[in-house]
Amino acid sequence: MFIEIDAAKCMGHGRCYAVAPDLLSDDDEGFVAERGTSWEVPADLLDQAQEAADACPEGAIVVTATAPADA
Ligand code: SF4
């Protein structure tokens, strides 16, 4: 499974890295540091990836079975 974070949608609410501390981190402005990127999620972190996607009020995080085309 892959996670993709849309930089344009991220508003810096900080909910994602709060629920997925082993997968995501914050930058010095409160945005998720990994915004604008996508990568394959290790199997043991899939729960955190899905929780992060569910927690984001902007819908900026998507978890998909296939690699995003624009990666
Ligand atoms: S919860 Fe969503 S809007 Fe907030 S920092 Fe994470 S990706 Fe950005």
Side-chain angles (χ1 to χ4, degrees):
M1 298 291 283
F2 294 81
I3 187 170
E4 180 177 22
I5 305 178
D6 188 325
K9 290 183 179 178
C10 176
M11 294 295 139
H13 297 290
R15 297 185 187 178
C16 57
Y17 48 79
V19 300
D22 300 322
L23 185 68
L24 304 173
S25 57
D26 60 319
D27 67 12
D28 56 10
E29 296 180 330
F31 293 89
V32 62
E34 294 81 3
R35 69 188 189 280
T37 65
S38 62
W39 69 98
E40 188 167 8
V41 180
D44 61 336
L45 293 177
L46 280 174
D47 286 351
Q48 286 195 27
Q50 193 57 59
E51 283 188 45
D54 292 344
C56 179
E58 306 296 335
I61 301 177
V62 177
V63 178
T64 61
T66 55
D70 63 343

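As the structure lists them, so they are numbered: ligands from 1, and atoms in each ligand from 1. Computation of the quantities below employed the complete heavy-atom set of this structure, encompassing side-chain atoms and omitting hydrogens, waters and symmetry-equivalent molecules.
L45 contributes atom CG, which lies 9.5 Å from atom CD1 of I3 (distance to the nearest 0.5 angstrom). Remark: Q50 CD to L23 CG distance equals 11.5 Å, nearest 0.5 Å.
Scanning all protein heavy atoms for the shortest distance to atom 5 (S) of ligand 1 gives G14 N, 3.4 Å. Scanning all protein heavy atoms for the shortest distance to atom 8 (Fe) of ligand 1 gives C10 SG, 2.3 Å.
At a heavy-atom cutoff of 4.0 Å, ligand 1 is contacted by the side chain of I61 but not by its backbone. Counting heavy atoms under 4.0 Å from ligand 1, residue E58 touches it through the side chain alone.
Counting only distance, with no hydrogens or angles, the side chain of Y17 and the backbone of D27 share no donor-acceptor pair below 3.5 Å. Between the side chain of E34 and the main chain of S25, a donor-acceptor pair closer than 3.5 Å is present.
You'll find the side chain of I5 reaches within 4.5 Å of the side chain of L24, heavy atoms only. Between M1 and E40, the closest side-chain pair of non-hydrogen atoms is not below 4.5 Å.
Residue contact check: C16 has heavy atoms under 4.0 Å from atoms 1 (S), 5 (S), 6 (Fe), 7 (S) of ligand 1. Those atoms of ligand 1 that come under 4.0 Å of a heavy atom in M11, given as number and element, are 3 (S), 8 (Fe). Of all atoms in ligand 1, listed by their number and element, those nearer than 4.0 Å to a heavy atom of C56 are 1 (S), 2 (Fe), 3 (S), 7 (S). For ligand 1, the atoms closer than 4.0 angstrom to any heavy atom of V32 are 5 (S), 7 (S).
Heavy-atom distances between G12 and ligand 1 reach below 4.0 Å in at least one pair.
No side-chain N or O of T64 forms a donor-acceptor pair with one of E4 less than 3.5 Å apart.
Among the atoms of H13, no N, O or S atom is found under 2.8 Å from atom 8 (Fe) of ligand 1.
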